Participant: 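For reference, the structure I am asking about is given below.
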Amino acid sequence: MPATADRVERLLERVGRVLAPPAVPSRRFPPPRRGATLRKHDVAVIWLHWFNAVVWALELLTGGALIVTGRYHIAPAWFQELVVAVFGSRAHLLRFHVVVGVLWVAGMLPYAVFGFRRYVLGFFRNLRLDADDLVWLWRKARSLVSPSLPLPPQGAYNAGQKLFGWVVVAATLVIIATGFVTAFHLGPQWLVAWCVPLHFVAVAAVFAALFVHIYMAAFMPNERPAFFSMFTGRVDARYAYHHHAKWYHEVLDDCLAGRRTCDAPAPEGADADQTPRS
Ligand code: HEM
């Protein structure tokens, strides 16, 4: 069995190298001093993330109550009746769902228009899967039976977070397109009819992935520093050194090279207690 697992790993590594060779940090730094932090998310990203989370909560709640046909409904009848009662009628509920969806798009547009390089391209750069990521996914699955298996170093996001990110990006585009076609009847009847199940499937994909995302982010004790970073913007440097090593070395390298503004860039080889601000 280990021989087969190793062969699969070597195959994945080869496939990964074709996709993207593993990013190797140009310099390596010593572990940081206890208590040092690194800037990971800026305020605009934190706002967008929590705005997105609130919108998802509202849309799931109202959308779940809206999906009722003669053939299926996903939420129990009591839930649908309760939500419709809160809004007064199904028409009000639908209007609320559509208005929140339009506000969601309006809230994201400034990032796409005015911050395309920083937020859109920057996000896609962080989501790029390389050979280390494919091996990480394979070893993570294997670590269920062999917990001591070492994991390859990770960038700003680990491979699991990257997959989640891709699901969110793809599903968001489908949800927005199908949502607009359905809400404003943009197109022939057959297109509107197809957009309804497509909208639902895309939401279901994110909904399933969200269980893992929220569990990992909010309930896994060793992911606690990442959870706090989505409020403060800063992440514990020791956590970054152990869980996101490639990102840690890249940030410190950028810091010393002046590509990133740092609070206190340390000289090369010194105890790496840098706290980048950008
Ligand atoms: C209570 C709900 C949520 C919690 C506690 C939460 C927590 C977090 C945390 C802590 C991070 C930072 C990870 C890191 O820097 O290593 C993050 C990132 C992210 N979150 Fe959430 N999140 C929630 C809801 C959502 C929702 C609803 C979405 C979108 C559907 C979402 C999409 C993302 C994406 C795309 C990222 C960046 C990539 C990633 O870390 O997976 N989150 N979230």
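This one's a predicted model, so the numbers in the text were calculated from it and none came from an experiment.
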Participant: At their closest point, which heavy atom of Ala209 faces which heavy atom of Val167, and how far apart are they?
Facilitator: CB-CG1, 4.4 Å
Participant: Return all side-chain donor-acceptor pairs below 3.5 angstrom for residues 55-64, not counting sequence neighbours, or 'none' if the list is empty.
Facilitator:
unit_1 : atom_1 : unit_2 : atom_2 : d
Glu59  : OE1    : His97  : ND1    : 3.4
Glu59  : OE2    : Gly101 : N      : 3.3
Thr62  : OG1    : Leu58  : O      : 2.8
Thr62  : OG1    : Glu59  : O      : 3.4
Thr62  : OG1    : His97  : ND1    : 2.8

Participant: Using a 4.5 Å cut-off on heavy atoms from C-beta on, say whether the side chain of Val174 contacts that of His199.
Facilitator: no
Participant: State, with a plain yes or no, whether a side-chain heavy atom of Tyr119 is found less than 4.5 Å away from one of Leu48.
Facilitator: no
Participant: I'd like to know if the side chain of Ser146 reaches the main chain of Ser148, judged simply by a donor and an acceptor atom lying under 3.5 Å from each other, with no hydrogens or angles considered.
Facilitator: no
Participant: Can you find a pair of side-chain heavy atoms, one from Val169 and one from Phe124, that are under 4.5 Å apart?
Facilitator: yes
Participant: Partners of His242 by side chain to side chain donor-acceptor pair (under 3.5 Å), sequence neighbours excluded?
Facilitator: none
Participant: Answer yes or no: is there a side-chain heavy-atom contact under 4.5 Å between Gln161 and Asn126?
Facilitator: no
Participant: For Asp130, which residues count as a salt bridge (charged side-chain N to carboxylate O under 4.0 Å, His left out) partner, sequence neighbours excluded?
Facilitator: Lys246
Participant: What side-chain hydrogen bond (donor to acceptor under 3.5 Å, both in side chains) pairs are there with at least one residue in residues 83-94, not counting sequence neighbours?
Facilitator: Ser89-His92
Participant: Which atom names give the shortest non-hydrogen contact between Trp166 and Leu127, and what distance separates them?
Facilitator: NE1-O, 2.9 Å
Participant: First locate atom CZ of Arg238, then atom CG of Asp236, and finally report the distance between them rounded to the nearest 0.5 Å.
Facilitator: 8.0 Å
Participant: Please walk me through it: do Thr172 and Met108 pass side-chain contact (heavy atoms from CB on, under 4.5 Å)?
Facilitator: CA-CA 11 Å; Thr172 298; Met108 290 191 290; 4.2 Å; yes
Participant: Going by salt bridge (charged side-chain N to carboxylate O under 4.0 Å, His left out), name the residues that satisfy it together with Arg17, two or more places apart in sequence or in a different chain.
Facilitator: Glu13
Participant: Using the test side chain to side chain contact (heavy atoms under 4.5 Å, CB included), find all partners of Gln80 that sit at least two apart in sequence or belong to another chain.
Facilitator: Ala65, Val68, His73, Ala75
Participant: Quick one: closest heavy-atom pair of Leu38 and Ala240, and the distance?
Facilitator: CD1-CB, 4.1 Å
Participant: Answer whether the closest heavy-atom distance between the side chains of Ser229 and His41 falls below 4.5 Å.
Facilitator: yes
Participant: Grouping I, L, V, M, F, W and Y whenever their side-chain heavy atoms are under 4.5 Å apart, do Leu94 and Phe200 come out in a common cluster?
Facilitator: no
Participant: Assess the pair Tyr248 and Phe29: is the distance between their ring centroids shorter than 6.0 Å?
Facilitator: no
Participant: Does a donor on one side chain sit under 3.5 Å from an acceptor on the other, for Asn52 and Trp104?
Facilitator: yes
Participant: How close do Ala36 and Pro32 get, heavy atom to heavy atom, and via which atoms?
Facilitator: CB-CB, 4.3 Å
Participant: Give the cluster check for Val181 versus Val105: same hydrophobic cluster or not, with ILVMFWY residues linked at side-chain heavy-atom distances below 4.5 Å.
Facilitator: yes
Participant: Sequence neighbours excluded, which residues qualify as side chain to side chain contact (heavy atoms under 4.5 Å, CB included) partners of Glu9?
Facilitator: Val135, Trp138, Arg139, Arg142
Participant: Do Val235 and Phe228 share a hydrophobic cluster, counting only Ile, Leu, Val, Met, Phe, Trp and Tyr and linking them when any side-chain heavy atoms are less than 4.5 Å apart?
Facilitator: no
Participant: Going by the rule side chain to side chain donor-acceptor pair (under 3.5 Å), which residues pair with Trp136 if we only count those two or more places apart in sequence or in a different chain?
Facilitator: none
Participant: How far does NE2 of His249 sit from CG of Leu252, to the nearest 0.5 angstrom?
Facilitator: 8.0 Å
Participant: Val86, Val84: one ILVMFWY side-chain cluster at the under-4.5 Å cut-off?
Facilitator: yes
Participant: Partners of Arg128 by side chain to side chain contact (heavy atoms under 4.5 Å, CB included), sequence neighbours excluded?
Facilitator: Ala20
Participant: Tell me the closest heavy-atom pair linking Phe87 and Leu93, and the distance in Å.
Facilitator: CD1-CD1, 3.5 Å
Participant: Anything under 3.5 Å between a donor and an acceptor, one on a side chain of residues 182-197, the other on a protein residue two or more places apart or in another chain? List them.
Facilitator:
unit_1 : atom_1 : unit_2 : atom_2 : d
Thr182 : OG1    : Thr178 : O      : 2.5

Participant: Is Arg260 close to Glu250 at the side-chain level, that is, under 4.5 Å between some pair of heavy atoms?
Facilitator: yes
Participant: Any pair with a residue in residues 201-225 that passes side-chain hydrogen bond (donor to acceptor under 3.5 Å, both in side chains), sequence neighbours left out, goes on the list, sorted by first then second residue, please.
Facilitator: Glu223-Tyr239
Participant: Do the two ring centres, one from Phe231 and one from Trp50, sit under 6.0 Å apart?
Facilitator: yes
Participant: Are any of the side-chain nitrogens in Arg28 or Asp253 under 4.0 Å away from the carboxylate oxygens of its partner?
Facilitator: no
Participant: Going by heavy atoms in the side chains, are Arg10 and Asp6 under 4.5 Å from each other?
Facilitator: yes
Participant: Kindly compute the distance separating CG (Leu12) from CG (Asp133), expressed to the nearest 0.5 Å.
Facilitator: 11.5 Å
Participant: I'd like to check the ring pair (Phe, Tyr, Trp, His ring centres under 6.0 Å) partners of Phe211; sequence neighbours left out, ordered by chain and number.
Facilitator: Phe207
Participant: Going through the checks in order, is the side-chain contact (heavy atoms from CB on, under 4.5 Å) test met by Met220 and Phe227?
Facilitator: CA-CA 9 Å; Met220 285 282 282; Phe227 177 68; over 6 Å; no
Participant: Going hydrophobic residue to hydrophobic residue with side-chain gaps under 4.5 angstrom, can you get from Val100 over to Val54?
Facilitator: yes
Participant: If I take atom CG from residue Leu137 and atom CG from residue Leu129, how far apart are they, to the nearest 0.5 angstrom?
Facilitator: 7.0 Å
Participant: Enter the distance from Ile46:CD1 to Phe51:CZ here, rounded to the nearest 0.5 Å.
Facilitator: 16.0 Å
Participant: Can you find a pair of side-chain heavy atoms, one from Met216 and one from Phe164, that are under 4.5 Å apart?
Facilitator: no
Participant: Do you know which two heavy atoms are closest between Asn158 and Gln154, and how far apart they sit?
Facilitator: CA-OE1, 3.0 Å
Participant: Measuring from atom CH2 of Trp47 to atom OH of Tyr111, what distance do you get when rounded to the nearest 0.5 angstrom?
Facilitator: 9.0 Å
